[in-house]
Number of protein chains: 2
Amino acid sequence: MSDARHIPAVTVSRLPVYLQALHAAAQRNIATVSSNDLANAAGVNSAKVRKDLSYLGSHGTRGIGYAVDELTREIALVLGLVTERAVVIIGAGNLGRALASYDGFTRRGFVLTAIVDSDPAVIGTHVGDLRVEPFTLLAQIVRDRSVEIAVIAVPAHVAQDVAQAACDAGVTALLNFAPTHVTVDPSVSIRTVDFSSELQILSFYAQRANAAVS
Amino acid sequence: MSDARHIPAVTVSRLPVYLQALHAAAQRNIATVSSNDLANAAGVNSAKVRKDLSYLGSHGTRGIGYAVDELTREIALVLGLVTERAVVIIGAGNLGRALASYDGFTRRGFVLTAIVDSDPAVIGTHVGDLRVEPFTLLAQIVRDRSVEIAVIAVPAHVAQDVAQAACDAGVTALLNFAPTHVTVDPSVSIRTVDFSSELQILSFYAQRANAAVS
DNA sequence: TGCTGTGAAACCCTTCACAGCC
DNA sequence: GGCTGTGAAGGGTTTCACAGCA
């Protein structure tokens, strides 16, 4: 397979930020943005923006900048946001329910299709428009509704098993909110978001800041 | 100022994962771990573990590995988790409430001290042990309770103003859950966690996976 | 003149490979 | 024999700086 357009991982991770900035610009009826404008909105420098966008083969106009609507389409295309992707949330505790209610979740190209839990006391309750379904139906749900992405919002000690079950059911990507590393088949993409880790990282720098003052 | 012990940012971001793995080992009554053990638990390779730990000046034992309790203390010390740090959550919507209820949040060295909101309908309601206080009292709360870290759980369009208010109030670190980039004084550390961005990044790789199959 | 696109340089991070020690 | 600690090599990312075009 040709990879004429290999895009570095760091660039991929910044594309959503640019997309966000472009939407903000569109809302203010701005038709073109320079790499500098995008850089300010995204909190990076303009050379990085230009380099990143050059990987998309995206063409801005010298002397002018980038057309907002065109670049928006281009990035959405590269990220695969043109086709809708079905998402299932596993775990209907505080976090799972909050995520299900989060409207930004379903806004761009993602459709929250189901939320499942294994607790009989929770199954059947409602979260927004959805009814919590039994975890045992996961495989069937994934198959019948063509779910591609599973969000893991369960306690750490069951995260690995849940992740494996999701993979077996056929999802191709996992967003893990449990504070633990989970191992899955390399063909499945996984990203972990851990509040506790983030706080600890901030703690390191907060400590630094204090030390610098004293 | 001497920076005899400069620790790379990527290493700092991995330390919480190692800490996590060490706690898991301690719970199973394991006294020593090799770089290989840690690597497996953290999802990285052993050379990276050794390099990372070498920045701490931490001493393992050749032929044996690292003492679990000693390394745990060492990492906690480096991350500044020895002294407790007070946290305030700004925004008592779905997400803010879920975060406040998340016990992993307060588990290691962090004390959730207050949750504030500007909506009169929400002020005075309870979240766990806490009562939602008015956003207008933020500066006073930060001062009186020595708050170091603010968690931003408000809509994107007010995130920048809220972040600035938190900085003015005197916090030294921000954890931003709003799906937008916020700019603050460089002396304040900030990390942004955005569900929507994470999903979009996964979308990119999910798309790749599909393309590889066909 | 203004801004993009991009080679080249600089920098940072990862991985290798092995000396050194238990 | 096993495992750490680390120079050195390798690879990836950022930044520079400027040619090229509107």
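All chains are named by letter (A, B, ...) in the order of the sequence lines, taking the proteins before the strands, and each is independently numbered beginning at 1.
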### Task
Just compare D/dT4, D/dA19, D/dG7 and give me whichever is closest to any side-chain atom of A/Arg62.
D/dA19

### Message
Please tell me if A/Asn45 has a side-chain N or O lying less than 4.0 Å from either OP1 or OP2 of D/dT15.
### Response
yes

### Query
Is there a side-chain polar atom (N or O) of A/Arg14 under 4.0 Å from OP1 or OP2 of D/dT14?
yes

### Query
Between the side chains of A/Gln207 and A/Ser203, does any donor sit under 3.5 Å from an acceptor?
no

### Message
For A/Glu70, is the CD atom crowded, meaning more than 12 foreign heavy atoms sit under 6.0 Å from it?
### Response
no

### Query
Which whole-number value in Å describes the distance from A/Leu71 CG to C/dC3 C1'?
15 Å

### Message
If the cut-off is 4.0 Å, is B/Tyr66 near the phosphate of C/dC22, judged by side-chain N/O to OP1 or OP2?
### Response
no

#### Entry: Atom pair distance, as rounded to whole Å: CD1 in B/Ile7 and C1' in C/dC13
15 Å

### Message
Please find the pair of heavy atoms, one from B/Arg191 and one from A/Leu202, that lie closest to each other, and give the distance.
### Response
CG-CD2, 3.8 Å

### Message
Does C/dC22 have OP1 or OP2 under 4.0 Å away from a side-chain N or O of B/Thr61?
### Response
no

### Query
Considering only D/dT15, C/dT4, C/dA17, which nucleotide approaches the side chain of B/Arg50 most closely?
C/dA17

### Query
When the distance from CG of A/Leu56 to P of C/dT6 is rounded to whole Å, what number comes out?
12 Å

### Query
Is it true that the side chains of A/Asp69 and A/Thr72 contain a donor and an acceptor less than 3.5 Å apart?
no

### Task
Figure out the NE2/P separation between B/His59 and D/dG5, and round it to whole Å.
7 Å

### Query
Parallel, tilted or perpendicular for B/Phe177 and A/Phe195, by the 30°/60° rule?
perpendicular

### Task
Look at the side chain of A/Lys51 and decide which nucleotide, out of D/dT14, D/dG5, C/dT15, has an atom nearest to it.
D/dT14

### Query
Which whole-number value in Å describes the distance from B/Leu53 CG to D/dT4 C1'?
10 Å

### Message
Assuming nearest nucleotide by heavy-atom distance, tell me which of A/Val10 and B/Ala47 is located more 5' along DNA chain D.
### Response
B/Ala47

### Query
Closest to the A/Lys48 side chain: D/dT14, D/dC3, D/dT6?
D/dT14

### Query
Could you state the NE2-C1' distance from A/His6 to D/dG12, rounded to the nearest angstrom?
10 Å

#### Entry: Nearest-nucleotide pick for A/Ser54, side chain only, options being D/dT14, D/dC3, C/dG5
C/dG5

### Query
Please give, in whole Å, the distance from C/dC3 P to A/Asn40 CG?
12 Å

### Query
Please give, in whole Å, the distance from D/dT4 P to B/Glu70 CD?
14 Å

